[in-house]
Structure formats: structure tokens, C-alpha cells
Amino acid sequence: MMIRGPGEWICAEANGETVMMGVETGAYVGLNAMGARIWDILTEPHDLETLCAKLVRDFDVTPEICRVETQAFLEILIRQGAVLPT
């Protein structure tokens, strides 16, 4: 399954935290450094394995933990409508 950002969300940094807001829904999500990196990567569609491979290179995280935590985070973003599975 590929995941992509749909483009109806805006993203900004505020007080050292990255914040995303749904333009149509008004929903918002605060992102830590890894969440912000995931959002940046998803400007183009990626599958979970490729996404995690990039994150493991960028952060001090094992592939197993990265996969579990990234999948859980993506499920939240999917429910919010911030990213779409394709």
C-alpha cells in the first residue's frame, strides 16, 4: 500500500514544534521531529517499507520500532484525512 499526503493540509513551525492543520476540517496535529520528517517524505507517495528505511537512516531507531510506530502514526493521519492510502 502506498501512502501520500492529499495536499489539503497546511504545515508550519511554531515554537519549535511542527503543526499541521486541515484546511477543510480545521483538525490539527502536532508533530515531533520524526512526524515532521514523515510529512516531508510524503509529499510523494511511499510505501511503509521505503518510508521506514529513510527514517532509520535519519533517526536513531531500530527498523522494528520504526515500523510499529510509523504504522500507528500513519493510521492516525489516515483517520484525520491528512494522508491517503492508495
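Below, each value reflects all heavy atoms present in this structure, side chains not excepted, and no hydrogens, waters or symmetry copies.
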If we only count heavy atoms from C-beta on, is the [X] to [Y] side-chain gap below 4.5 Å?
X: Leu48; Y: Leu74; answer: yes
X: Leu31; Y: Val19; answer: no
X: Glu64; Y: Val68; answer: no
X: Trp9; Y: Val23; answer: no

### Task
Determine which pairs satisfy side chain to side chain donor-acceptor pair (under 3.5 Å) with at least one residue from residues 40-56, sequence neighbours left out, and list them in order.
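Applying side chain to side chain donor-acceptor pair (under 3.5 Å) to every pair that reaches into residues 40-56, excluding sequence neighbours, yields His46-Lys54, Asp47-Thr50, Glu49-Arg67.
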### Task
Keeping to residues at least two apart or across chains, list the side chain to side chain donor-acceptor pair (under 3.5 Å) pairs with something in residues 16-30.
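Residue pairs passing side chain to side chain donor-acceptor pair (under 3.5 Å), neighbours aside: none found.
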### Query
Between Ile3 and Leu42, does a side-chain contact (heavy atoms from CB on, under 4.5 Å) hold up when you go through it step by step?
CA-CA 7 Å; Ile3 310 271; Leu42 291 179; 3.9 Å; yes
### Cys52 side, atom SG; Ile41 side, atom CD1 - distance, nearest 0.5 Å
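The SG atom of Cys52 sits 9.0 Å away from the CD1 atom of Ile41.
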### Task
To the nearest 0.5 angstrom, please state how far the OG1 atom of Thr86 sits from the CE atom of Met2.
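That separation rounds to 6.0 Å.
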### Query
Which residues pass the side-chain contact (heavy atoms from CB on, under 4.5 Å) test with Val56, sequence neighbours left out?
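Expected list: Val61, Pro63, Cys66.
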### Query
Who passes side-chain contact (heavy atoms from CB on, under 4.5 Å) against Glu75, sequence neighbours left out?
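Glu75 satisfies side-chain contact (heavy atoms from CB on, under 4.5 Å) with Gln71, Arg79 only.
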[X], [Y]: one ILVMFWY side-chain cluster at the under-4.5 Å cut-off?
X: Ile65; Y: Phe73; value: yes
X: Val83; Y: Met21; value: no
X: Met34; Y: Ile78; value: yes

### Query
Any donor-acceptor pair under 3.5 Å linking the side chain of Trp39 with the backbone of Met20?
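Pair absent, no side-chain N/O of Trp39 close to backbone of Met20.
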### Query
Between Ile76 and Val29, does a side-chain contact (heavy atoms from CB on, under 4.5 Å) hold up when you go through it step by step?
CA-CA 9 Å; Ile76 291 168; Val29 178; 5.5 Å; no
